[in-house]
Amino acid sequence: MFVLSRVVYEPSERPFYCSFVLNGVQPFNKRHRWLRSTTLTNIESDASGDKRPDATLTKLTQLSYGPSLGFGEAKVAQPTANNNDLCHDLLRLGIFCKEAIDTHHWNACLTFQIHGFTIVFYLMRLRHDGIYTMYEIAKVLFPRSLEELSSFISLKNLRSLAQVSESFWRLCKSVPASEIDVMISNSRPTHPCFYNLIDSSKNKGRTCALRFEQ
């Protein structure tokens, strides 16, 4: 549901991606793939056992949820972008995708990161010996109100969303049985203490290689 005029506040994380973004990507719900919040049900965690994504793209078989085909993280926008938290979320998404690929032998894994009303889609694949590639495939700015809806319905945005949908349905599936052995030999285990390698100190003056501004 859209408000008539642009809101002067940012919604909290969970209501934002549950009520707005989930409704905006309903085409993913076809063919028994569902986008759901991990706060509603038990979701697989990463190798550390205590890290969970904000949302997952999950295969639904009858009444049972299957393995995750994608993951999502959401952060509300702030006057100054918190690059530390955003980079940490992106790193978490990469680890979630890697472990899903290793565990379920996916050809690719889709992930998305929400910052305010901006959503960036990434795709991860294991293409070489021990090399996992995660690349951006689309970036879309969702409208904040009905006043901005006309600017959202553009050829550029429609092409971006169509590219995400096409990539998901074409690539996010199991590799052929004949390629599983090669994929297992190319995979590498995740460092058990990966998050401990991150420096706990923060420095606003440190240059960030990624841009998270709106």
Name all residues meeting the side chain to side chain contact (heavy atoms under 4.5 Å, CB included) criterion together with Ile184; count only those two or more places apart in sequence or in a different chain, and write none if there are none. His105, Ile180
Mind checking side chain to side chain contact (heavy atoms under 4.5 Å, CB included) for Glu166 and listing every partner two or more places apart, or none if nothing turns up? Arg170
Audit row: Asp85, Lys75, salt bridge (Lys or Arg N to Asp or Glu O under 4.0 Å) steps and yes/no: CA-CA 9 Å; Asp85 289 348; Lys75 281 286 185 294; 5.7 Å; no
Are Leu155 and Ile137 in one and the same hydrophobic cluster, where Ile, Leu, Val, Met, Phe, Trp and Tyr link if side-chain heavy atoms are under 4.5 Å apart? no
Leu171-Ile131 co-clustered via ILVMFWY side chain contacts under 4.5 Å: no
Shortest non-hydrogen contact between Ala138 and Val164, atoms and distance: CB-CG2, 3.5 Å
Going through the distances and angles, do Tyr132 and Asp102 end up as a side-chain hydrogen bond (donor to acceptor under 3.5 Å, both in side chains)? CA-CA 10 Å; Tyr132 299 79; Asp102 291 346; 2.7 Å; yes
Compare every heavy atom of Cys109 with every heavy atom of Cys97, then report the nearest pair and how far apart it is. SG-SG, 3.5 Å
Within a strict 4.5 Å, meaning less than it, do heavy atoms of the Ser187 and Leu126 side chains meet? yes
Can you tell me how far apart OH (Tyr65) and OG1 (Thr56) are? Round to the nearest 0.5 Å. 8.5 Å
Here the gap from Gln163 atom CD to Leu158 atom CG, rounded to the nearest 0.5 Å, amounts to 13.0 Å
If we count only N and O atoms by modelled type, under 3.5 Å, do the side chains of Thr118 and Lys139 hold a donor and an acceptor together? no
Close side-chain approach of Gln113 and Ile119, heavy atoms under 4.5 Å: no
To the nearest 0.5 Å, how far apart are CG in Asn107 and NZ in Lys173? 7.5 Å
Heavy-atom side-chain proximity of Leu110 to Leu69 below 4.5 angstrom: no
What I'd like to find out is whether the side chain of Cys172 reaches to under 4.5 Å of the side chain of Leu123, using heavy atoms alone. yes
So, taking the atom named CG in Asn186 and the one named CD in Glu179, what distance separates them when rounded to the nearest 0.5 Å? 10.5 Å
Single-linkage hydrophobic cluster, 4.5 Å side-chain cutoff, Phe112 and Trp169 together: yes
Whether the side chain of Asp54 engages the backbone of Ala74 through a donor-acceptor N/O pair (distance < 3.5 Å, no angle test) should be reported. yes
Common cluster, Ile101/Val182, ILVMFWY with side-chain heavy-atom separation under 4.5 Å: no
Is it true that a side-chain atom of Thr111 and a backbone atom of Phe71 form a donor plus acceptor pair closer than 3.5 Å? yes
dist Ser167:OG -> Tyr122:OH (nearest 0.5 Å) comes out at 15.0 Å
Say whether, by atom type as modelled, one donor and one acceptor occur between the side chain of Asn157 and the main chain of Phe152 under 3.5 angstrom. yes
Distance-only, no hydrogens or angles: does the Trp106 side chain make a donor-acceptor pair with backbone N or O of Ser68 under 3.5 Å? yes
Okay, side chain of Thr103, backbone of Glu99: is any donor-acceptor separation there less than 3.5 Å? yes
Do Pro143 and Phe117 have side-chain heavy atoms sitting under 4.5 Å apart? no
Quick one: CG on Leu93 to NE2 on His88, what's the gap to the nearest 0.5 Å? 10.5 Å
When you compare the side chain of Glu73 with that of Pro53, does any pair of heavy atoms fall below 4.5 Å? yes
Is it the case that more than 12 heavy atoms not belonging to Arg188 sit under 6.0 Å from its CZ atom? yes
